[in-house]
Every structure is written in C-alpha cells, then in structure tokens.
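These notes concern the structure reproduced below.
Letters A, B, ... mirror the listed sequences (proteins, then strands); counts begin at 1. Only heavy atoms go into these numbers, but all of them, side chains included; no hydrogens, no water, no symmetry mates.
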Amino acid sequence: MAKVKRQLAMMMDLNKCIGCQTCTIACKRLWTRDEGMDYMWWNTVNTMPGAGTPRDWEEMGGGFKDGVAQAGRLPTRREFGEAWEFNYQEVFYGGKGKDTHLKVVGDEPEWGPNWDEDQGAGEYPNAYYFYLPRICNHCTNAACLEACPRKAIEKREEDGIVVINEDRCKGYRFCMEACPYKKIYFNHAKNVAQKCIFCFPRVEQSVAPACARQCPGRLRFVGYRDDEEGPIWKLVEKWKVALPLHPEYGTDANVFYVPPLAPARIDEDGNFDESQPRIPNEYLISLFGEEVLTSLEVLKAEMAKTRDGKTSELMDILIARHWPDMFGDFTRDPATIKWVEA
Amino acid sequence: MEQVTRRKFLIATSTTTALALNRLAWSAPAATGAVGGAKVDYESWEDIYRNAWSWDKIVHSSHNCNCNAACSWKIYVKNGIVWREEQTAAYEQTVDGLPDFNPLGCQKGAAYSHEMYRPSRVQHPLKRVGERGSGQWKRISWEQAIDEIGTQLTEVVRDDGSDTVVAFTATQGTVGRDRFVDLIGGVLLEPFGEIGDSFTGTMITAGHQCYDGGSDTRMYSKCIILWVYNPNVTRIPTAHHLNEARYNGAKVISISPDQNPTHVHADLWVNPKIGTDTALAMAMAHIIVRDGLIDEAHIKEQSDLVFLVREDTHKFLRAEDMEQGGSDQVFYVWDQRSGAPAQPPGCMGSADKTLKLGNLDPALSGRWDVRLADGSTVSVRTVFDRLKDVLAQHTPEFAESVTGVGTQAIERLTREYATAKPALIQIGWGIGKLYHSDLLQRAIYLLAVLTGNIGKLGGGFWNGGILINEGSAYTPIPGTTGSRGGPGAPWLYVHGGLREQESRWVPTPGEKSGDDYIMEAIDNGWMPVYPPPGKDPRVLIECGSNLLRRTRGANVVRENLWPKLKLVVTIDFNMSSSARQSDYVLPAAGYYETEGLKYQDTKIPYITIKSKAVEPVGESRNEWATFALLAKKIQELAPKLGAKPYFDDVLGVERDPAKLYDEFTEDGKFPEDADEREQLRRMMSRTKLFQDVTLEELEAKGQMPWPNEGFKLPVGGSLGPTSDYEPGKPYTPATDFTEKKQPWFTLTGRQQFYIDHDWFLEFGEELPVYREPPKMGGDYPLRMSCGHARWGIHSWLRDNALMLRLQRGEPIIYISAEDAASRKIEDNELVEMFNDVGTCKVRVMVTPTIQPGMIHLYHAWEQFQFREGSHNDVYASQLKPLNMVGNYGQLHYKSGYYQPNNVDKGATIDVRKI
C-alpha cells in the first residue's frame with residue numbers, strides 16, 4: 001500500500017444532489033475534449049438503482065476480498081456508451097427536407113452514460129431513485145495501482161491523488177479490469193488509460209476541483225482527511241454520516257457519501273405509510289454497508305433538532321451557508337491567477 | 001508575485017498571494033515548489049494537464065436564454081477562442097445566516113462554449129433555393145440578403161400595410177428587433193399566454209402575475225409545498241436553497257402525479273391524478289375552514305372574503321346600488337360596530353387608497369337585508385359564506401374520489417401546512433399549461449390567504465417571478481412609438497389556423513360554443529388582434545423566436561399561416577424548426593459575442609453583465625446591426641418604390657418609411673456599427689439601478705447585488721416586485737400590500753376570490769371550484785403531462801451533442817410500467833403516440849416513477865429530432881374563454897397582463913406498439 005503524507009478526499013451529500021450533471025459537463029469541458037477522449041466522462045452521475053456507467057459496472061468484479069485481488073472484467077466502449085455523432089449537416093443543409101431527421105450516425109444507440117436517467121426501481125407509487133455522482137475514488141488501497149505491470153499508476157505522496165503516468169502507460173488495461181468502480185477509460189488514439197485526476201493542476205494552486213466548485217447543488221466537500229477543522233474529517237470521522245461506496249470492494253475509497261433519504265411511502269388507500277422506508281434498507285446496505293443505517297439515524301435525529309428550532313453542527317456543515325467553507329484549503333478563485341509566457 | 005517555473009508564470013494579487021501562501025505552506029510539495037520557484041520537469045505528462053488549465057484572458061458574461069436565472073460566468077479565452085466557462089461564484093451572503101447563491105449556474109451554461117462552436121451553426125446568410133422546408137440553401141452575401149429582404153419589406157409596407165409585418169417576442173428580448181418592429185409599424189406579439197406562461201389565476205386574484213421572494217429566504221420557512229413545480233430540473237442554479245431549508249427545519253412537500261426528480265428530496269410526496277389538483281387544494285381549504293385554522297385579521301384586511309354579495313343577482317353590493325350616482329367600483333362589508341353596511345377604503349373606485357380599515361370591523365359571516373337606493377330590499381351575504389357553500393362540496397372524501405389521494409393524507413398534508421408558521425407554497429411555470437390552471441391557482445392562493453401567509457418572510461404563495469426594470473432593459477434608446485402588440489394565443493387562433501382545433505373541446509355551460517365566446521371576446525376588442533380578422537399577415541420575422549418548435553399545433557400553423565406569408569426571415573445562430581421553414585436565414589451573433597445585460601428574477605437579487613468575449617463567429621452579426629441595415633435599406637428604397645408616409649391610427653403617429661433609419665439610429669447616433677458598450681452605457685443611464693456603478697466596475701465584477709432603487713415598475717405593472725428591496729435584508733414579496741397597506745391591483749383592492757363578471761357567473765366559476773379537465777384530444781385513456789427539461793432552456797441546447805449523449809440521443813416519452821405492459825411495450829421501443837389531433841412516433845422510457853394513466857414528456861425538442869410527427873402534432877391546446885375577459889377590473893389585456901394560455905397538460909392521448 002502506497003504511503004502518503006496526506007490524503008485528499010471528497011464528500012458528496014446525496015440529499016443535495018439534483019442530478020443536473022453540471023459536474024459532468026464541467027469535467028468534460030475542462031479535461032476530456034481531445035482526440036480519443038470524446039466518449040470519456042471522468043465524472044458521471046447515475047440514477048440509482050440502475051445499471052449506470054459502464055453498464056452493470058457493479059457486476060464486473062475487481063477490487064480486493066480479504067486482501068486478495070479479485071478478477072475483474074474489462075468494460076467495453078459500448079458499455080460506457082459511445083460519443084454519438086449526429087447528422088447535423090444532412091438535416092440542416094442537405095436538401096432532404098422531411099425525408100431525414102436528426103439521428104446518431106451509425107448504429108442505433110443501445111446504451112449511454114446516463115441511459116437510465118430517472119428510471120428508478122420498485123413499483124408506483126413506491127418506486128424509488130436517487131442520484132449518485134461518481135469520480136475516481138483515489139483509493140488508499142488502489143486496485144488499479146496494484147494491477148499495473150508497468151508501475152505507471154502512482155499515488156501522489158503529497159496529496160494521495162491517484163494518477164496514471166501517461167508516459168509509462170502502455171495501454172495494457174489491467175487497471176481497468178482491477179478497478180471495481182470501473183472509473184478508468186481507455187484512450188484508443190493515444191493508447192493509454194485515463195481517468196479523473198482530481199484536478200491536480202487546480203488543487204496545486206489551491207483551487208477546488210471543477211466538479212466541486214461548479215456544483216450548483218453544493219454537495220461536494222473537499223479537503224484533507226486529517227484536517228480536523230475541515231468538513232471532511234467532521235463528516236467522516238466525527239459525525240460518521242459519510243460513507244464510502246461499496247466498502248466491500250476493499251480499496252479504501254477516499255470519496256464519501258451522505259446516504260439518501262426519500263419521501264414517505266404511500267399505501268393502498270393513498271395515505272402515507274411511514275412504517276418502512278421508501279428506499280429499502282437492504283439496497284442501501286448493498287451500496288454503503290451496514291453503517292448506512294446508523295448514518296441515516298444520525299441524519300434524521302439532527303434534522304429533527306432543527307425542526308424543533310434547535311441548532312445542529314451537522315446541519316450547519318451540510319447547509320454550508322458560506323460556500324467556500326465546503327472546500328477546506330482549496331478556496332482560491334481561479335481568476336486570481338494570471339498566466340504569462342515565460 | 002508567485003511564479004510557476006513551467007512554460008508559464010503565475011501572478012496573483014497581493015491579497016491572494018498571502019492567502020495562497022498560507023494554504024500552500026501545508027499543501028502539496030509540488031505547489032510549494034511552484035511558489036518557491038523550484039524547477040518542474042517541463043516534459044512530464046502532468047504538465048500537459050497543467051498547461052491545459054491556462055488561459056489568456058477572462059471576460060464576465062452570461063446566457064440570454066430566458067431561464068430566469070442570472071448566473072454570472074467567467075469566460076476563459078485562449079488563443080482568441082472561448083475555451084471554456086466557469087461560474088464567477090463571487091456572491092456574498094445577502095443576509096448573515098442565509099446560504100449564499102454560489103456558485104449559481106447549470107450544465108447548460110457550462111456547455112455553451114461547446115454549442116457556440118458547433119460546426120452546424122448558421123454562419124452565413126442563407127437563401128432558400130428549394131421549397132420551404134426543403135433544406136435547400138444557397139449561401140449569399142450580407143449585401144444581397146439585406147437588399148432582397150429590404151425590398152420585399154418595403155413592398156409589403158407599401159402594398160399590404162405595415163400591420164401585416166409580424167414578429168413574435170417569444171422568450172428572448174432583443175433590442176434591435178423590438179425597435180425595428182415598433183418603428184416600422186409592425187406587430188410585435190407577446191409570448192406570455194402563447195407559450196402557456198400566463199398566471200391567469202394569480203392575475204384574477206391579485207391583479208399581478210408574478211411574485212417570488214429571494215431564493216435564500218426559503219431558509220425562514222417551516223413548511224414548503226412545491227406544487228406543479230419541479231425545481232430540481234427547472235431551477236438548477238437555486239434548487240440548493242430548498243435542500244438547505246430542509247436541513248434548517250423546513251418540511252418539504254412535493255405535489256405531482258409522477259415521482260419527478262423533485263420528489264426525491266421531499267419529506268412527503270402527494271400524488272393527485274393529473275389535472276385533479278384543484279380538488280385537493282379545495283379539500284385543504286375545506287379542512288382549514290372546518291378546523292378554524294384561519295387568520296381572520298389577514299382575511300378581513302387583505303381579501304374580499306368579507307365583502308357583501310347580493311343574493312338576487314350574485315353580484316357584489318356596489319355603491320351604485322346604494323346611492324344615486326354611486327360608483328360601480330366601490331363595495332361593502334358588514335361593519336359589526338355600526339351594525340350596518342359600510343364601504344371599506346382601497347377599492348378600485350375608492351378615494352382613499354389604503355387597506356387600513358380604521359374603525360371598521362367587517363363581519364366574516366352573516367346574512368343581512370339591505371335597503372337599496374331604489375327603495376327595494378335585498379339579502380346579502382359575505383363572500384366567505386358563499387365560499388363555505390362551495391367548500392362544502394369539496395370534502396376530503398370527494399377529493400379522495402377524484403384525486404386518488406387518501407383522506408388521511410389530505411388531513412395530514414393540510415395540518416402540516418396550516419400549522420407551520422410560516423409556510424410557503426411555490427408553483428412553477430408549468431401550471432399555466434393546464435386548461436383549468438386559473439382555478440387551480442385561485443384555489444392554491446386561497447390556502448395562503450386563509451392561513452395568513454401572504455407577505456410573511458419565509459411564507460406566502462410564490463410563482464415564477466419576472467422583474468422588468470424601469471426603463472426596460474430591452475430598449476436602450478428612448479423615442480420609440482410603442483408596440484402594436486397583442487397576445488399571441490388569440491392571434492394564432494385567428495391567423496394561425498388554430499380556430500377549429502383550439503375550440504373543439506372547450507366546455508361551455510349552455511348553448512353558446514367555445515368559439516362563440518372566444519370570437520365575442522375578440523370582436524369586443526378584449527383581446528386585440530392585428531391585423532384584424534379578415535386581413536392576412538404577410539411577413540414573419542423570427543428573431544429570438546422559434547414558433548414552429550414552440551406552438552402547440554405547429555403543423556396546423558405551418559399549413560395555414562405559412563401560405564399567407566410572402567416573406568419569412570429567421571435571424572438565429574441555429575437552424576431551428578422555424579429557420580428551416582424560412583426564406584432567408586441570417587446568422588446571429590452568440591451570447592459571448594455581443595454586449596448585454598441579463599435580466600433577473602426576484603428569486604436571485606443580482607444584476608448580471610453579459611459582456612462580449614470574442615468577435616462574432618463566421619459572418620454572424622448582432623441583431624442591432626442586422627435591423628439597422630434593414631432600416632437603412634428601407635429608407636433608401638421607400639421613395640423609389642413609392643412607400644409613402646401614412647398615419648398609424650392604432651398608435652396615433654405619422655410614419656414615414658423614408659425616415660426609418662434616421663429614427664432607428666436616433667439620427668445616426670447608434671448606427672449598424674455602433675459601439676456596443678456605448679449602447680450599454682445608454683441603457684444603464686435610463687434607470688436608477690446603475691446610479692452607483694459604472695460599466696467598468698460591473699464588467700470587472702460580473703454581477704452586482706440589487707440596489708434599493710430602480711427596479712420598480714409603475715403601479716399596476718403585473719410583473720415587477722411587490723416590495724421594496726433593501727440590501728442586507730431578506731426579500732419578501734407582497735409587503736407593499738400587507739405592510740404598507742397599498743391596495744392590491746384588483747377591482748376590490750383586495751386579493752379577490754369572488755369574480756362577479758357575467759361570464760364567470762355563467763360558468764359557475766365566480767369562486768374557485770374543481771372542474772374536471774376537458775377531454776382535449778378526444779376519448780383516449782391516457783393523459784399527457786409536460787414540463788420544462790433538465791437538458792435545455794426551451795429549444796436552446798435541445799439538439800446539442802453533449803446534451804444528447806447524456807440522454808438517449810433522441811426524444812423520449814415516459815410511460816408507466818403498467819401501461820407499457822398492457823400494451824406490450826418495452827423500454828426504448830419506438831411507439832406511436834396518437835389522439836384526434838394527430839400522431840407522432842417516439843421512443844419510450846418505461847418507468848415505475850410514472851403514474852398509470854398518464855404519459856410524461858419534457859418539452860422543446862425541435863421538430864426535426866422526431867422520426868415522424870412531433871410532440872406538437874398531438875398537443876390539443878384549447879383557449880379558455882374566461883381567460884379572454886377584458887372589461888372587468890383587473891381583467892383586461894395589456895402587455896404581460898391578463899390573457900389566455902396555449903395549454904398542453906392533461907390532453908388525452910394513447911400509445912400503441914408499431
């Protein structure tokens with residue numbers, strides 16, 4: 001396991017995520033616009049339950065069990081979803097009138113990175129869903145790093161960001177098999193694996209990652225895990241409301257989530273049924289482990305306090321009245337940087 | 001000065017340097033190295049990423065896309081092109097203790113740099129060389145385009161009259177277009193009802209359409225009901241305040257038939273069948289009155305519920321009944337102190353313009369006999385008692401039978417709402433798209449008045465707020481003649497060929513048909529239509545408008561209106577549905593290519609500058625230049641072609657086409673190549689909003705908080721704020737009435753629930769009441785629900801590749817698992833959607849989140865995104881006659897005021913396997 005001096009982390013509050021995908025677009029416009037990167041979405045938001053991206057990624061294996069690396073399957077480009085191109089020129093200027101319509105060039109799409117958006121599970125009126133944003137988990141025990149025969153994957157000593165050294169990478173893709181979260185993409189043009197870099201160029205200048213700083217829902221907290229004054233430590237260590245996704249994958253992820261609440265169920269007579277939660281506990285346990293139940297209890301207890309007019313440190317942190325407080329040491333406005341030619 | 005020793009150096013201001021050093025001291029070694037100037041390997045793969053995140057300059061701008069948000073963005077320019085954008089995110093908290101507005105933005109704003117450089121963008125003037133809609137174009141020069149269009153315009157003005165030149169304002173204001181159409185004497189149709197946005201019920205009740213408080217003030221609320229409102233999709237920049245309010249102790253309740261993305265973060269979700277919400281609201285009012293949960297003081301001072309109504313005529317008791325020569329706009333309450341009827345102040349006809357009751361103590365309930373001026377005696381009762389009669393029919397049991405919501409749920413919902421102080425109900429723009437939208441709004445509004453939440457911080461009844469500044473941000477130069485305007489929906493009824501379709505399912509109480517009522521309203525001049533019925537429009541200028549995408553029944557409009565048009569010109573940056581059916585398409589400069597301001601909504605108390613970051617792409621021009629060039633051409637041609645001066649009898653002015661350019665440019669002061677920043681300065685000088693700020697300061701900051709002066713419209717405006725704004729204090733609407741005691745803009749001067757207009761009495765809608773939605777579309781088992789999309793602002797970005805890749809690449813409709821199974825339809829299958837109006841082929845998403853019996857669709861797909869037909873082919877919009885009344889107190893037409901909606905929600909429909 002790589003030793004790091006400090007570990008950067010992100011905490012996402014699923015009760016504030018509205019599925020708007022501004023994070024997804026922010027990342028896309030900043031990092032994945034070059035050749036070979038068109039189909040990549042280093043940041044994704046999926047409706048859960050759902051097959052997500054790549055399709056059925058939770059069933060593809062990888063990670064560790066009892067410290068032993070598990071076999072994983074290489075996700076295909078189609079499972080991630082192709083970067084569809086459209087026949088704009090033909091429709092707008094091709095002289096075909098109503099004989100054509102805007103469509104994907106080539107095969108009809110069968111899957112995409114957000115294909116099952118808002119689809120949900122269960123039965124009306126007690127169906128359920130929520131939004132799950134995902135980036136690379138920058139794991140403490142990164143399966144990708146372990147799997148790379150080229151030692152091209154590094155965990156940065158100074159901040160624990162996991163990066164793929166593109167100079168060393170030869171495109172073997174073992175990392176993609178090993179990553180249980182399936183957050184690594186393959187660049188077919190450059191023949192290298194690529195993934196979320198936790199915006200290290202921004203972080204190096206004390207600017208929060210784009211997905212966090214551009215998030216209109218204000219659900220992404222950023223900071224060092226050992227900063228006891230910062231929001232991450234308080235939410236993860238002190239209040240224990242924020243949990244890693246699929247802890248059983250054994251990689252010790254450094255992205256945490258406040259698990260989702262949902263509205264009361266509705267019974268056969270059209271009345272509220274609060275005898276059981278709308279999102280089944282078993283499902284949440286399958287995502288976040290048994291601790292999720294305690295986390296939800298803490299959350300509900302603190303929400304009850306503010307309803308009674310009392311104060312709650314936890315609610316105050318999650319509300320984040322002063323937005324920069326969400327970003328620990330990374331509150332710098334990028335516009336204060338001026339680049340000049342050397 | 002900080003330095004980064006790679007290819008570029010880093011400079012920061014002294015304050016940020018101090019801050020940055022402070023942080024970097026215990027930050028990453030690489031960064032520390034950067035500050036210290038240590039050498040970094042230029043050749044590493046990491047430097048590729050570091051160098052990617054660099055730029056030459058930053059410009060503050062925004063997007064004029066009618067999203068009602070006012071997000072300031074920093075536009076990062078590199079090598080002369082816009083590289084990307086990121087939110088300015090420099091908003092201070094408006095009030096200590098409230099979450100700030102940062103970062104304010106959405107995924108669409110973050111994708112505009114992609115959209116503006118799409119290869120399929122219209123970049124050159126185009127002339128149609130095939131049939132309309134054939135997609136056969138020839139690239140022509142600007143000179144040729146202006147020459148040909150100018151010639152045809154001059155000929156039409158000469159031969160057919162200027163009132164046959166028409167433009168829709170739609171949802172994008174543009175200075176050049178409005179000024180040009182005004183000055184040429186054309187018709188500028190307003191969009192409010194045409195797009196289904198008119199808050200008819202709010203207008204009926206308050207004489208005002210739009211009011212919202214500051215988004216952040218929801219933190220003061222203890223209960224928030226979201227009703228026909230889906231902010232997690234439609235209000236992305238400010239939705240966070242809702243979730244924060246919930247963490248702060250507010251109970252959040254979402255009311256919608258489907259499990260929409262907003263219900264996800266609600267505490268309670270209530271699911272009436274589509275179109276039945278009024279029954280639910282009335283049952284809530286029933287319980288509130290039954291259980292005495294009412295605020296008597298608010299009701300007596302701020303509503304007409306204490307006013308007296310004659311039992312014989314069902315009309316208000318008026319001063320003209322009681323005294324010779326008395327006003328028909330002064331009314332009575334029963335004063336308990338004197339035991340006699342008394343005139344309250346503040347009615348539309350009252351001399352005393354206040355709501356202060358003084359010594360009056362109006363009775364809430366009772367029946368009395370009063371002696372009229374003619375000596376006869378009539379019985380009178382209060383509106384409140386008449387309301388109780390109506391509420392008696394709207395029991396929780398009745399509501400359960402209609403809505404499917406259980407009685408216990410209705411009781412619980414009502415208790416949560418009526419006992420929370422303060423409690424807020426927010427409705428969205430979708431509400432206007434229901435046929436009986438006015439009744440639903442009146443019923444919901446009633447709840448807020450009964451419980452006394454109006455004008456309360458953190459409480460009230462909010463709908464979509466629009467704020468139009470004094471001085472109108474749209475028109476930088478004074479001296480226009482005003483518009484020959486008119487409401488869009490009646491115009492399309494007359495000229496767009498929608499008459500038959502839009503009256504087909506209009507329910508009426510007697511012999512008279514829906515069309516009889518509608519045409520009577522038009523003939524009475526209640527809803528002005530130019531050119532008048534019988535005279536055909538000849539030119540359509542589409543600029544900031546996309547009629548054939550937008551209009552419910554667009555195919556009917558194209559078949560009926562288009563043949564009448566000698567000339568159709570579209571000015572746009574995209575090949576929109578309307579552009580495809582045009583004779584000429586002129587390329588418009590994009591949002592980052594022109595100077596401007598972003599108008600704002602009361603929810604977001606900031607003013608945003610939209611500066612020019614780069615030169616217009618291709619041969620595109622800003623609209624001012626385009627219209628100035630057209631004006632110049634018409635001025636040049638008018639004498640040659642014999643377009644003579646004439647008297648415009650509608651607006652009472654002399655018009656001379658040979659002076660059009662001089663008038664348009666204010667005698668050459670603002671020509672086609674006018675300095676845009678000078679135009680902006682002129683615009684800013686026309687309102688007090690900017691008296692404490694210069695253009696340069698605004699450009700440097702990107703946005704500024706509202707000042708406390710300069711945004712109020714004259715009294716009676718229907719869109720502006722209804723409270724003073726004071727920086728540092730939370731903004732609450734309606735305090736002009738509740739605190740300053742100014743009369744409401746209604747006949748009674750109160751929030752008015754009783755409308756004694758003959759038509760309202762005929763229809764039995766003098767008070768809010770539940771009415772079954774008409775089967776518009778025919779006898780089909782499903783009903784359609786529609787709404788604004790997450791993935792576009794109207795049609796803007798609806799066909800953008802990045803947006804489509806995060807959907808399914810083409811339009812879809814949502815159908816319940818149950819209805820799909822019974823039709824043997826599977827997820828993503830291509831199906832036919834049909835009713836008596838038309839058919840459309842579209843893919844389905846099968847989901848358990850949709851209520852059986854309905855289908856849902858998100859609007860604004862372009863027609864050309866469908867394989868066959870489009871959503872517009874199955875919309876079955878009907879005009880509601882009561883929304884065309886024009887001779888009653890607050891019920892009359894003017895721009896942005898009372899008018900009927902085009903509607904789509906609740907249309908009947910079915911879906912079949914192909």
Self-check item: Output field: ring centroids A/Tyr124/B/Trp269 closer than 6.0 Å
Solution: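 Between A/Tyr124 and B/Trp269, the centre distance is under 6.0 Å.
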What residue, out of [options], has the most heavy-atom pairs lying under 4.5 Å from chain B?
options                               : result
A/Glu268, A/Gln21, A/Met303, A/Glu117 : A/Glu117
A/Arg29, A/Met315, A/Glu166           : A/Arg29
A/Arg213, A/Glu274, A/Gln89, A/Lys310 : A/Arg213
A/Asp118, A/Ile161, A/Asp269          : A/Asp118
A/Gly81, A/Ser312, A/Ala83, A/Cys17   : A/Ala83
A/Arg218, A/Arg33, A/Glu302           : A/Arg218

Contact class of [X] relative to chain A, heavy atoms under 4.5 angstrom:
X        : result
B/Tyr49  : both
B/Pro811 : neither
B/His265 : side chain
B/Arg132 : neither
B/Asn828 : side chain
B/Ala817 : neither

Quiz prompt | Identified side chain to side chain contact (heavy atoms under 4.5 Å, CB included) partner of A/Ile18 from the options B/Asn243, B/Leu242, B/Thr262 | solution =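 Single side chain to side chain contact (heavy atoms under 4.5 Å, CB included) partner of A/Ile18 among B/Asn243, B/Leu242, B/Thr262: B/Asn243.
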Which region of [X], side chain (C-beta onward) or backbone (N, CA, C, O), has a non-hydrogen atom less than 4.5 Å from a non-hydrogen atom of chain B, or is it both or neither?
X        : value
A/Lys28  : side chain
A/Ile164 : backbone
A/Asp308 : neither
A/Pro260 : neither
A/Arg202 : both
A/Gln214 : both
A/Ala121 : backbone

Exercise. May I ask you to say whether A/Asp38 pairs ionically with B/Arg805, meaning some side-chain N is under 4.0 Å from a carboxylate O?
Key: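 B/Arg805 and A/Asp38: not salt-bridged.
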Practice problem: Salt-bridge test for A/Lys16 and B/Glu244: reply yes if a basic N is under 4.0 Å from a carboxylate O, no otherwise. | Solution: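 The answer is yes: the pair qualifies as a salt bridge.
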Quiz item: Nearest heavy-atom pair of A/Pro216 and B/His240: which atoms, and what distance?
Solution: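 So the minimum-distance heavy-atom pair works out to O-CD2, 3.4 Å.
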Quiz item: Is a side-chain donor-acceptor pair under 3.5 Å present for B/Asn232 with A/Tyr131?
Solution: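 No, no side-chain donor-acceptor contact under 3.5 Å.
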Quiz prompt | side-chain contact (heavy atoms from CB on, under 4.5 Å) between A/Glu204 and B/Trp53, intermediate numbers included | solution = CA-CA 12 Å; A/Glu204 286 170 359; B/Trp53 189 59; over 6 Å; no
